[in-house]
2 protein chains.
Amino acid sequence: MVLKQDKAEGQQPPARPAGVPAKRATIRDVAREAGVGIGTVSRVLSGRAPVAPATRARVEAAMRKLGYHPSRAAQALSRRRTNTIAVVVPLFTRYFYVEVLRGIEEALDETGYALVIHSVERAADRDRAFGDLVESQRADGALIVSLAPDLSLIESLRALHLPAVLIDSSHPALPSVVVDHERAAAEATHHLLRLGHRRVALIDRKDDPFSAEAASARIPGYRRALAEAAIPWRAEYEVIIDFTPEGGQTALRSLLALPEPPTAVFVGSDTQALGVLEAAREAGLRVPGDLAIVGYNDIEVARYVGLTTMRVPMREMGRRGGELLLRALDLGEVEAVHLRFDAELIVRRTCGGSLFRMPTGIDAIG
Amino acid sequence: MVLKQDKAEGQQPPARPAGVPAKRATIRDVAREAGVGIGTVSRVLSGRAPVAPATRARVEAAMRKLGYHPSRAAQALSRRRTNTIAVVVPLFTRYFYVEVLRGIEEALDETGYALVIHSVERAADRDRAFGDLVESQRADGALIVSLAPDLSLIESLRALHLPAVLIDSSHPALPSVVVDHERAAAEATHHLLRLGHRRVALIDRKDDPFSAEAASARIPGYRRALAEAAIPWRAEYEVIIDFTPEGGQTALRSLLALPEPPTAVFVGSDTQALGVLEAAREAGLRVPGDLAIVGYNDIEVARYVGLTTMRVPMREMGRRGGELLLRALDLGEVEAVHLRFDAELIVRRTCGGSLFRMPTGIDAIG
DNA sequence: TTGCCAGTTGGAACCGGTTCCAGTATACTG
DNA sequence: CAGTATACTGGAACCGGTTCCAACTGGCAA
């Protein structure tokens with residue numbers, strides 16, 4: 001990678017010290033300029049107490065003249081609230097999290113709350129992020145995405161009266177917004193069974209990337225669907241593996257190596273499903289002719305590779321989570337409301353079957 | 001979309017008022033507990049002045065006993081810095097921006113700076129975000145991604161001594177991290193020409209989504225490459241269109257309707273290239289047999305659809321931008337350094353040609 | 001012994017808002 | 001007409017840190 005560095009030629013005066021911001025007008029300056037007391041200025045600012053119209057006008061003129069803007073830091077200190085909401089989210093590069101964040105943004109838009117993002121990449125980060133949340137009351141509330149809160153966090157939040165909402169994760173003590181993964185998995189599996197498949201495998205990953213015991217809730221859904229169709233369950237058809245395309249690729253390879261390889265796979269994430277597609281291609285299998293695939297989440301790519309998948313309302317979840325938190329902030333109390341969404345089956349080209357007419361010519365992508 | 005709402009059954013005591021956080025130990029409480037003055041506690045906290053080891057131990061014990069953590073708001077007020085960095089980024093759902101953010105995160109990790117994200121979806125948002133930046137010194141510095149700062153912003157930043165760094169955008173007065181789009185476009189075009197194409201079209205979008213006049217810097221690169229190969233330039237081969245797959249699709253359709261349709265297209269964004277692929281498929285063209293395509297950015301999907309593209313070092317740009325800002329914050333002055341990166345050609349399946357051996361069987365995807 | 005310095009320490013003043021109480025002017029009641 | 005509410009206003013006290021100056025200590029050179 002080539003990298004060039006151009007020094008700017010002195011078009012500008014030597015920069016004066018940054019870091020320490022320039023002196024700004026304070027509320028007292030405004031008060032002096034307008035010939036009123038600081039209390040009056042504060043009242044004009046907040047609009048929460050009566051001020052005579054003439055006085056208000058004078059104060060506003062003074063503010064304009066001095067280019068006055070209240071200091072957030074000072075407001076935060078004296079109001080005891082920061083107008084900031086913390087979001088703790090794992091690996092926020094992933095499409096899923098980005099969509100959730102987008103939903104949160106939607107909810108917070110226009111409310112004056114700023115969003116501080118704590119991205120968590122390792123389990124240690126998570127603990128640090130949770131610690132931060134608690135210690136340095138930088139935020140008035142928290143949204144925790146796809147991470148299981150531990151007991152000590154819950155207690156700290158309660159002790160500090162810091163409202164928090166869980167998104168894609170749940171705990172009885174906190175409000176949450178989740179998807180019914182169990183049901184969604186059952187629906188995906190049912191779909192494959194309806195298409196006539198009898199050898200349906202599952203490739204999946206953990207739900208919470210950082211807690212080893214948080215097995216995916218999709219597993220029971222998959223098993224239930226099999227049971228309901230009276231198809232015997234086979235241990236070797238369940239592969240739990242890394243949440244990466246490579247994981248999916250490896251998983252499918254191993255399934256194909258079985259004496260009786262599956263004819264259909266339900267994959268617990270589109271990300272892994274991409275790898276599954278790759279492995280199918282490398283094995284020379286036609287999709288969906290030789291192998292039907294249903295993914296999970298409906299990430300952006302899914303549409304372009306024609307992946308049939310369960311759409312999870314990611315943005316909606318973010319938005320609802322944000323709204324729940326705003327309400328808790330407003331009401332001054334948290335109600336442990338639990339919202340549960342259902343995923344929706346999006347049929348594209350990787351599942352085939354006679355139930356759906358495919359547009360001609362794009363039946364196969366393998 | 002189905003939505004269920006369960007009220008929690010009263011497993012927990014009625015929540016006490018949130019919003020107003022519980023009383024926390026202050027520095028004065030710690031001082032009293034440890035039998036020292038507040039100055040001494042502050043010194044222990046900051047570690048920036050000598051404190052006798054025995055005293056320090058007593059203070060630390062007191063802090064531990066009281067569960068003391070300094071208030072960020074109070075620190076921000078008295079230190080006149082917030083330890084927060086603002087990022088202004090358009091439509092941050094896009095892979096490009098997410099990658100840049102990831103790079104920024106990398107740079108800021110472990111530095112104690114928090115990241116406040118201002119997502120900009122409309123031009124009005126941008127102005128509001130810029131306004132916020134200036135007014136409410138919520139942040140010590142700013143990173144502005146893919147947005148052209150206007151003059152008034154530059155002046156405000158300077159007046160406030162608020163350091164800012166531009167990423168994927170530039171201005172003489174501010175440090176910036178950019179990609180040499182002109183050169184990258186020339187390289188992409190050259191590649192297609194080297195493969196023997198003589199009818200090479202360009203599909204592109206604006207560089208800055210919010211400023212109408214910011215034509216893509218790729219256009220001159222494309223033209224230069226043509227000129228260097230002595231290929232006459234044709235106005236009808238340059239299509240500037242929406243930054244969406246649909247835009248790309250529409251663009252290719254119109255190019256194919258020309259009396260002499262191109263045999264190759266350089267597309268100024270992978271997102272549009274996805275639509276181009278779709279349009280090629282719908283027209284029954286083989287890619288790259290009938291139409292060669294080179295995209296731009298190397299977004300995640302590109303790999304899975306086999307798109308040849310110019311890889312832009314998105315994460316690296318974010319990281320460098322973050323580092324530049326940290327340095328400005330450290331030094332207390334901003335040097336208008338301009339870093340320029342080159343994009344890198346990533347050859348996959350959509351350009352074809354005899355120069356590169358394709359793995360068998362995946363030559364065509366149309 | 002005195003003088004001086006470095007190492008420590010206490011705490012008032014300050015950062016820039018909000019809040020609340022006391023005070024003034026005006027309006028309305030009986 | 002006094003009596004009391006009502007509308008508005010000023011500013012001290014406070015939020016919880018940091019900073020700086022004055023003061024105290026002991027060690028060491030003169």
Side-chain angles (χ1 to χ4, degrees), chain A residues 19-60 62-63 66-84 112 135-138 140 160, chain B residues 19-60 62-63 66-84 112 135-138 140 160:
Chain A
V20 178
K23 184 73 185 165
R24 307 168 63 112
T26 73
I27 202 170
R28 284 163 237 268
D29 299 327
V30 175
R32 195 178 322 114
E33 176 73 27
V36 302
I38 55 169
T40 302
V41 178
S42 180
R43 266 165 241 134
V44 170
L45 228 41
S46 71
R48 270 201 302 273
V51 174
T55 312
R56 152 165 292 127
R58 280 218 317 291
V59 171
E60 281 167 351
M63 295 202 289
L66 299 177
Y68 169 79
H69 293 284
S71 148
R72 299 281 186 167
Q75 287 183 322
L77 180 59
S78 56
R79 287 187 186 157
R80 277 95 162 288
R81 52 183 293 163
T82 57
N83 276 318
T84 290
E135 291 170 15
S136 56
Q137 64 285 47
R138 238 203 261 262
D140 299 333
L160 292 166
Chain B
V20 178
K23 184 74 183 162
R24 307 167 64 111
T26 73
I27 201 170
R28 283 163 238 270
D29 298 327
V30 175
R32 195 178 323 111
E33 175 74 27
V36 301
I38 55 169
T40 301
V41 178
S42 180
R43 266 165 240 134
V44 169
L45 228 41
S46 71
R48 271 201 302 273
V51 174
T55 312
R56 152 164 292 130
R58 279 218 316 291
V59 171
E60 281 167 350
M63 296 202 289
L66 298 177
Y68 170 79
H69 293 284
S71 148
R72 299 279 186 170
Q75 288 184 322
L77 181 59
S78 57
R79 287 187 187 159
R80 278 97 163 289
R81 51 183 295 163
T82 59
N83 277 318
T84 290
E135 291 170 14
S136 57
Q137 64 285 48
R138 237 203 262 265
D140 299 333
L160 292 166

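Proteins get letters first, then strands, A, B, ... in listed order; numbering begins at 1 in each.
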Counting any heavy atom closer than 4.0 Å, what does [X] reach on the DNA or RNA strands: base, sugar-phosphate only, or nothing?
{"X": "A:Ser46", "answer": "nothing"}
{"X": "B:Thr26", "answer": "sugar-phosphate"}
{"X": "A:Arg48", "answer": "sugar-phosphate"}
{"X": "A:Val41", "answer": "nothing"}

Residue closer to the 5' end of DNA chain C, B:Arg79 versus B:Pro53 (nearest nucleotide)
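Final value for this comparison: B:Pro53.
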On DNA chain C, nearest-nucleotide positions of B:Leu77 versus B:Gly37: which is more 5'?
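First, find each residue's nearest nucleotide; the 5'-ward one identifies B:Gly37.
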Which whole-number value in Å describes the distance from [X] [atom1] to [N] [atom2]?
{"X": "A:Arg81", "N": "C:dT19", "atom1": "CZ", "atom2": "C1'", "value": "16 Å"}
{"X": "A:Ile27", "N": "D:dA12", "atom1": "CD1", "atom2": "P", "value": "14 Å"}
{"X": "A:Arg72", "N": "D:dG17", "atom1": "CZ", "atom2": "C1'", "value": "21 Å"}
{"X": "B:Arg24", "N": "D:dG16", "atom1": "CZ", "atom2": "P", "value": "10 Å"}
{"X": "B:Arg32", "N": "C:dG11", "atom1": "CZ", "atom2": "P", "value": "12 Å"}
{"X": "A:Asn83", "N": "C:dT18", "atom1": "CG", "atom2": "C1'", "value": "14 Å"}
{"X": "A:Ile38", "N": "C:dT19", "atom1": "CD1", "atom2": "P", "value": "12 Å"}
{"X": "B:Arg56", "N": "C:dG7", "atom1": "CZ", "atom2": "C1'", "value": "13 Å"}

Test for a donor-acceptor pair under 3.5 Å between the base of C:dG17 and the side chain of A:Arg28, counting only N and O atoms.
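Indeed, a donor on one side and an acceptor on the other fall under 3.5 Å apart.
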Please state whether the base of C:dG10 and the side chain of B:Arg43 form at least one donor-acceptor pair under 3.5 Å?
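Present.
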Between A:Val51 and B:Gly39, who's closer to the 5' end of DNA chain D by nearest nucleotide?
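Per heavy-atom nearest nucleotide, the more 5' residue is A:Val51.
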With side chain to side chain contact (heavy atoms under 4.5 Å, CB included) as the test, would you mind laying out the steps for A:Thr84 and A:Arg72 before giving the verdict?
CA-CA 11 Å; A:Thr84 290; A:Arg72 299 281 186 167; over 6 Å; no
Select one nucleotide: of D:dT9, D:dG17, C:dA12, the one nearest the side-chain heavy atoms of B:Ser71.
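Nearest to the side chain of B:Ser71 among the choices is D:dG17.
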Using the side-chain heavy atoms of A:Ala74, tell me which of these nucleotides is nearest: D:dC8, C:dG16, D:dG16.
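It is C:dG16.
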For [N], does OP1 or OP2 lie under 4.0 Å from any side-chain N or O of [X]?
{"X": "A:Gln75", "N": "C:dT18", "answer": "yes"}
{"X": "B:Thr40", "N": "C:dT9", "answer": "no"}
{"X": "B:Arg80", "N": "C:dC15", "answer": "no"}
{"X": "A:Ser78", "N": "C:dT19", "answer": "no"}
{"X": "B:Ser42", "N": "D:dT18", "answer": "yes"}

Do B:Gln75 and B:Asn83 come within less than 4.5 Å of each other through their side chains, counting heavy atoms only?
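The answer is no; the side chains never approach within 4.5 Å.
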Would you sort out whether A:Thr40 and A:Arg43 count as a side chain to side chain contact (heavy atoms under 4.5 Å, CB included), showing the intermediate values?
CA-CA 5 Å; A:Thr40 302; A:Arg43 266 165 241 134; 3.5 Å; yes
Pair B:Arg24, A:Leu160 - check side chain to side chain contact (heavy atoms under 4.5 Å, CB included), show working.
CA-CA 8 Å; B:Arg24 307 167 64 111; A:Leu160 292 166; 3.3 Å; yes
I'd like to know whether A:Tyr68 forms a side chain to side chain contact (heavy atoms under 4.5 Å, CB included) with A:Leu45, so could you lay out the CA-CA distance, the side-chain angles of the two residues, the decisive distance to 0.1 Å, and finally the verdict.
CA-CA 11 Å; A:Tyr68 169 79; A:Leu45 228 41; 3.6 Å; yes
Could you check B:Val51, B:Thr55, B:Ile27 and say which one makes a side chain to side chain contact (heavy atoms under 4.5 Å, CB included) with B:Val44?
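By the side chain to side chain contact (heavy atoms under 4.5 Å, CB included) criterion, B:Val44 pairs with just one of B:Val51, B:Thr55, B:Ile27: B:Val51.
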